[in-house]
Amino acid sequence: MAAALSAGYLAVYPHRRTMAASLDAHLRAVLHLEGYVWAIQVDGQPVGMASVSPLPGLPGLFALDGFIAPEWQRQGLGSQLLQRVVENLRGTAVRQISHAVTGQSSPAAAFLQRHQFTLSNEEWLLVKQDLADCGLPVHPDVTWGVMSRVQAIAQFCQLYDQSFKTLPWYQPYTTHEVAAELVAARDLLFLRRGAESIGFAWLRWPEKNVGQIEPMGIVAGEQGKGYGRCLLNVALHQLAQRGARRAQIGAWANNDTAVALYQSVGFRHQETITYLAYNINRKP
């Protein structure tokens, strides 16, 4: 049903043109990751959908996505679909579903809050508009490089744990999850001091000419030495070299250290993304 739903998806999410164009591939990826997909129909025609997909490294926590085509909104279909989602997920491994909204006063937030979703956390989306000045940094102590796909996946998981394990935004990845999400091995960059890898940056491509760095980290014992700034500039240089004109990066709103670093190289706050969550096994 993805082809029939793509136009409605684009109407609801005009900033997700790439996703709308590849909705079939996206939904297949959700199922490949052991998520779930629903469609709601009127007279045999699909008019909306919902999906839940596992959040990397957070067992039992799943991301909720979905929509009702504009011409069918405000007729109770969204509530029916969400109720079916919750009913079907009870008794499964899914403990919580969450959805990102642009603010607690947005229509999507109001809808979810009417269905007992509550605030989980807030994340800043920061954007650097011009990458023309992103030259390759030179640091006397470190170099950077890429690895084969198998090596990159294993190295990323190890470094991610070493970078974030003690922090509240820690979401450890499994090698299976990385393999499913990683488009190309060269999208994982590694910062090295001698023969040792001490940091990583994952490049993503959410839109044409837009590059995203998510996630990026320096292992705990090497933080506070300027390596994070060096790695960030390497990532920006690589995005520019590969055709990106704009860069995006995310950070928890209360992660003052990361926000200050990103702003120091030209990132500016574009929007606050609010995550609303619902506990599946709560009493109705």
Side-chain angles (χ1 to χ4, degrees), residues 55-58 121-129 131 134-139 141-147 149 151-175 177-178 181-193 196-207 210-242 244 246-270 273:
L55 290 169
L58 297 176
N121 63 280
E122 292 186 329
E123 182 176 325
W124 273 19
L125 176 65
L126 299 101
V127 174
K128 183 175 173 64
Q129 295 289 354
L131 303 186
C134 295
L136 187 62
V138 177
H139 194 290
D141 299 330
V142 294
T143 59
W144 71 276
V146 297
M147 302 180 183
R149 185 176 181 86
Q151 291 175 317
I153 291 171
Q155 184 73 92
F156 168 82
C157 291
Q158 179 181 344
L159 294 177
Y160 189 97
D161 287 351
Q162 293 175 2
S163 300
F164 299 122
K165 196 166 187 176
T166 62
L167 300 175
W169 41 86
Y170 175 59
Q171 298 180 11
Y173 286 78
T174 66
T175 55
E177 289 166 338
V178 179
E181 290 187 39
L182 184 63
V183 176
R186 66 173 182 157
D187 289 339
L188 278 176
L189 311 179
F190 296 97
L191 195 70
R192 301 188 183 110
R193 190 180 59 196
E196 180 185 12
S197 293
I198 61 171
F200 63 89
W202 189 336
L203 308 184
R204 302 175 189 256
W205 308 90
E207 302 173 38
V210 177
Q212 184 179 40
I213 307 169
E214 175 62 35
M216 184 186 84
I218 298 292
V219 299
E222 303 296 341
Q223 294 172 9
K225 301 178 181 180
Y227 297 143
R229 178 182 297 276
C230 178
L231 177 59
L232 178 57
N233 284 320
V234 167
L236 290 171
H237 175 264
Q238 285 300 294
L239 290 178
Q241 289 293 299
R242 293 171 58 182
R246 188 168 78 251
Q248 298 177 349
I249 200 165
W252 277 35
N254 59 355
N255 187 353
D256 296 335
T257 300
V259 169
L261 171 61
Y262 303 153
Q263 290 178 330
S264 72
V265 300
F267 281 91
R268 296 294 177 261
H269 174 260
Q270 177 168 291
I273 303 171

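What you see is a predicted model; the values in this text were computed from it and never measured. Here, residue 1 is the first one in the sequence, and each next residue gets the next number.
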Taking all non-hydrogen atoms of both residues, which atom of [X] and which atom of [Y] are closest, and how far apart?
{"X": "Pro137", "Y": "Val234", "value": "CG-CG2, 3.6 Å"}
{"X": "Tyr173", "Y": "Cys157", "value": "O-SG, 3.7 Å"}
{"X": "Arg149", "Y": "Val183", "value": "NH1-O, 4.0 Å"}
{"X": "Gly217", "Y": "Ser163", "value": "C-OG, 3.8 Å"}
{"X": "Leu189", "Y": "Val146", "value": "CD2-CG1, 3.9 Å"}
{"X": "Ser264", "Y": "Leu261", "value": "OG-O, 2.6 Å"}

Side chain to side chain donor-acceptor pair (under 3.5 Å) partners of Glu181, counting only residues at least two apart = Arg204

request  = Report the residues that fulfil side chain to side chain donor-acceptor pair (under 3.5 Å) with His139, sequence neighbours left out, ordered by chain and then residue number.
outcome  = none

So do the side chains of [X] and [Y] get within less than 4.5 Å of each other, counting heavy atoms only?
{"X": "Leu239", "Y": "Ile213", "value": "yes"}
{"X": "Phe190", "Y": "Leu159", "value": "yes"}
{"X": "Met216", "Y": "Leu191", "value": "no"}
{"X": "Met147", "Y": "Leu188", "value": "no"}
{"X": "Pro215", "Y": "Phe200", "value": "yes"}
{"X": "Tyr170", "Y": "Asp161", "value": "yes"}
{"X": "Cys134", "Y": "Lys128", "value": "yes"}
{"X": "Leu232", "Y": "Phe267", "value": "yes"}

Glu222: salt bridge (charged side-chain N to carboxylate O under 4.0 Å, His left out) partners, not counting sequence neighbours = Arg193, Lys225

task = Output all residues satisfying salt bridge (charged side-chain N to carboxylate O under 4.0 Å, His left out) with Arg246, sequence neighbours left out; order by chain, then residue number.
result = none

About how many Å separate [atom2] of [Y] and [atom1] of [X], when rounded to the nearest 0.5 Å?
{"X": "Asp256", "Y": "Gln263", "atom1": "CG", "atom2": "CD", "result": "9.5 Å"}
{"X": "Phe164", "Y": "Ile218", "atom1": "CZ", "atom2": "CD1", "result": "9.0 Å"}
{"X": "Arg242", "Y": "His237", "atom1": "CZ", "atom2": "NE2", "result": "12.5 Å"}
{"X": "Asp141", "Y": "Tyr227", "atom1": "CG", "atom2": "OH", "result": "4.5 Å"}
{"X": "Leu182", "Y": "Glu177", "atom1": "CG", "atom2": "CD", "result": "13.0 Å"}

query = So, does Ser197 use its side chain to make a donor-acceptor pair with the main chain of Arg192 at under 3.5 Å?
reply = no

message = Could you check whether any side-chain N or O of Gln270 sits under 3.5 Å from a backbone N or O of Leu125, counting only pairs where one atom can act as donor and the other as acceptor?
response = no

request  = Only pairs at least two apart or in different chains count here, so list each salt bridge (Lys or Arg N to Asp or Glu O under 4.0 Å) that has a residue in residues 258-268.
outcome  = none

request  = Evaluate the criterion side-chain contact (heavy atoms from CB on, under 4.5 Å) for residue pair Gln171 and Tyr160; output intermediate values, then yes/no.
outcome  = CA-CA 9 Å; Gln171 298 180 11; Tyr160 189 97; 3.9 Å; yes

task = Measure up the Phe156 and Trp202 rings against each other and bin them: parallel (under 30°), tilted (30 to 60°), perpendicular (over 60°).
result = perpendicular

key: Ala258: partners by side chain to side chain contact (heavy atoms under 4.5 Å, CB included), with sequence neighbours left out   = Ala251, Asn255, Tyr262

